[in-house]
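These numbers were taken from a predicted model, which means no experiment stands behind them. We use all heavy atoms of the structure for the numbers below, so side chains are in, but hydrogens, waters and symmetry mates are not. Naming convention: chains lettered A, B, ... in sequence-line order (proteins, then strands); numbering from 1 in each chain.
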2 protein chains.
Amino acid sequence: MLVRINTAPRMPIDGQLAALASERMLSEFRYRRGSEIFGEREEPEYVYQIVSGAVRTYKLLPDGRRQINAFHLVGDMFGFENETTHRFTAEAIVETHVHLMRRTSILEAVRNGGAGAKDLIKFVTQNLQHAESHMLLLGRKTSLERVTAFLLEMDERLQHPDVMILPMNRRDIADYLGLTLETVSRALSILRDEGLLRFDGNSQRRLELVDRGALAKIDA
Amino acid sequence: MLVRINTAPRMPIDGQLAALASERMLSEFRYRRGSEIFGEREEPEYVYQIVSGAVRTYKLLPDGRRQINAFHLVGDMFGFENETTHRFTAEAIVETHVHLMRRTSILEAVRNGGAGAKDLIKFVTQNLQHAESHMLLLGRKTSLERVTAFLLEMDERLQHPDVMILPMNRRDIADYLGLTLETVSRALSILRDEGLLRFDGNSQRRLELVDRGALAKIDA
DNA sequence: CGCGGAGTTGATGATCTTCAAACATGGTGG
DNA sequence: CCACCATGTTTGAAGATCATCAACTCCGCG
């Protein structure tokens, strides 16, 4: 049996602003694992689309508590701002290649009243929808439900691969779900012990969802 | 000394879509305290602007856990959807008067490429920004920080009244902050005991922020 | 191989929730 | 106009979940 994994074939680029993107693309850029792409409160200059790799965007509290807002995977666009400052910090989770385009050229396209405006509304709306369902998760779900929801979200975004390869570590997952890394680890162990989930071979980053139906039932 | 309170003078209507709204307004409508304005998964027909009163929008989990997404106050618009279903339920917290306009007429305005598109992007972006900072609150702040943040948010939205009159009860606040009503009550008691906050007269819904600076320091 | 980051697991503890009871508030009708 | 009642709020005690602290193991990489 052929095993699909989620790294090998580069996924088709499908961001809502793809048309704008490809027309206005400036250049490709590479970020090393862990490096910052832009910082919170910086002035936005570019909009980014991921060619390969993965990115986390997050906010920090003064004492260092971190809330990861979103993970951005291959094909995703991020970094767009209407306002004059970024609302997040963005970092490459692994070595990441992106396409850059100038923010101003996107804004211009919107001003010129083309299809750009509608695409942009859709883009922002999708971010909003994600944030809304994430608020429900953060405000009201248990740790087991959160971790399950995370797995199902990744599964869907990676198009249900046989083996899911997670680019992020347990701390990233924890900071996305409003938990600690230990709690994430324990939840994964429970799901594994219940047979809903299998770690692939030796790696704790490669996992296989054995029973998506049962997982969906856990995620309230 | 003259005491400003936040109910008396009807605030100027200032939603981002106000221009569209006033042009296309259909009619005024009244909702009784506690009544549903629209339900999650319903097809959106109208966009609403609050003339008087207050509205909560929320999502429910199957077992009844509730996450209130936002409170909408006088002048605020809500209920706009790009998609074909509402993503929330909306209920009147107190007796509420709204202006209705047809959703389709807004969409039309956007399609026609007027100023509508830009206003709409701004509107959706502001909702997104609110959701993003609320994710940080829900994922990473303590109960005392959450309640403090709530008070400061309301204070600002009501334009720093001397006496803040909250339309919502403790359970609503709790479901907004991802807490229980008891925890909210305890946090308010702490803030009162520390002298940062005063209950006005007998009512637990009328309160005065005595030391906004100290409150801002608590809200990390 | 061995080193260091990452992950798991266990023990303990803090915060928040749950359960419970008492009290306050504001609207209603006698 | 005031007593009454439903609803809302506070406070306390006990319990659950998740966080913290700690030790150990695993894995990937040089």
query = So, do A:Phe38 and A:Tyr48 have ring centers that fall under 6.0 Å from each other?
reply = yes
request  = Looking at every strand, decide which applies to A:Ser189 at a 4.0 Å heavy-atom threshold: base, sugar-phosphate, or nothing.
outcome  = sugar-phosphate
query = In whole angstroms, how far is the P atom of D:dC18 from the CG atom of A:Leu188?
reply = 14 Å
query = What nucleic acid atoms does B:Gly178 come within less than 4.0 Å of, heavy atoms only: base, sugar-phosphate, or nothing?
reply = sugar-phosphate
query = Parallel, tilted or perpendicular: which fits the ring planes of B:Phe150 and B:Phe71, with parallel below 30° and perpendicular above 60°?
reply = perpendicular
message = How close do A:Pro167 and A:Ala54 get, counting heavy atoms only, and between which atoms?
response = CG-CB, 3.6 Å
ask   = Using a cut-off of 4.0 Å on non-hydrogen atoms, how would the nucleic acid contact of A:Arg140 be classed: base, sugar-phosphate, or nothing?
value = nothing
inquiry  = Does A:Arg205 reach a base, just sugar-phosphate, or nothing at all? Heavy atoms under 4.0 Å.
reply    = sugar-phosphate
query = Between C:dA24 atom C1' and B:Arg192 atom CZ, what is the distance in whole Å?
reply = 13 Å
query = Between C:dG7, D:dG8, D:dT20, which one does the side chain of A:Thr180 approach most closely?
reply = D:dT20
task = Quickly work out the B:Leu181 CG to C:dT18 P distance and round it to whole Å.
result = 10 Å
request  = Identify the two heavy atoms, one from A:Ala220 and one from A:Glu145, that lie closest to each other, and give their separation to 0.1 Å.
outcome  = CB-OE2, 3.7 Å
inquiry  = Let me spell it out: for each of B:Arg146 and A:Arg186, pick the nucleotide of DNA chain C with the closest heavy atom. Which residue's pick is nearer the 5' end?
reply    = A:Arg186
inquiry  = Any side-chain N or O of B:Thr183 below 4.0 angstrom from OP1/OP2 of C:dC16?
reply    = no
key: A:Glu182, nearest nucleotide to its side chain (from D:dT20, D:dT10, C:dT17)   = D:dT20
task = Rounded off to whole Å, could you give me the CG-to-P distance for the B:Leu138 and D:dC18 pair?
result = 15 Å
inquiry  = Tell me the interatomic distance from B:Ile173, atom CD1, to D:dG8, atom C1', rounded to whole angstroms.
reply    = 12 Å
Sort me out a list of protein N/O and nucleotides 23-30 of chain D N/O pairs below 3.5 Å, or just none if empty.
unit_1 : atom_1 : unit_2   : atom_2 : d
D:dC27 : OP1    : A:Asn202 : O      : 2.9

ask   = Which word best sums up how the rings of B:His134 and B:His130 line up, parallel for under 30°, tilted for 30 to 60°, or perpendicular for over 60°?
value = parallel
message = Looking at D:dT7, I'd like to know if its phosphate oxygens (OP1 or OP2) sit under 4.0 Å from a side-chain N or O belonging to B:Arg33.
response = no
query = Charged N to carboxylate O below 4.0 Å: is that the case for B:Asp76 and B:Arg157?
reply = yes
message = Is it the case that the side chain of B:Gln67 and the backbone of B:Leu60 share a donor-acceptor pair, with hydrogens and angles ignored and the cut-off at 3.5 Å?
response = no
message = Side chain of B:Arg170, heavy atoms from C-beta onward: which of D:dT10, C:dT17, C:dG7 has the nearest atom to it?
response = D:dT10
message = Just the rounded figure in Å: distance from P of C:dA14 to CD of B:Glu145.
response = 18 Å
request  = Provide, to the nearest angstrom, the distance between the CG atom belonging to B:Leu177 and the P atom belonging to C:dT15.
outcome  = 18 Å
Inter-end axis angle, the helix from C:dC1-D:dG30 to C:dG30-D:dC1, with every axis fitted to five base pairs (rounded, 10 degrees) = 40°
remark   = side chain to side chain contact (heavy atoms under 4.5 Å, CB included) with A:Leu191: of A:Asp211, A:Leu215, A:Val210, only one passes, and it is A:Leu215
inquiry  = Nearest whole Å is fine: how far is D:dA16 P from A:Leu144 CG?
reply    = 18 Å
Atom of B:Asn82, atom of B:Arg103 and distance for their closest heavy-atom approach = O-NH2, 3.1 Å
message = Whether B:Arg87 and B:Glu40 form a salt bridge (side-chain N of Lys/Arg under 4.0 Å from carboxylate O of Asp/Glu) is what I want to check.
response = no
query = Given D:dT17, is OP1 or OP2 found less than 4.0 Å from the side-chain N or O atoms of A:Thr142?
reply = no
message = What contact category does B:Ser185 fall into here, base, sugar-phosphate, or nothing, at under 4.0 angstrom with non-hydrogen atoms?
response = base
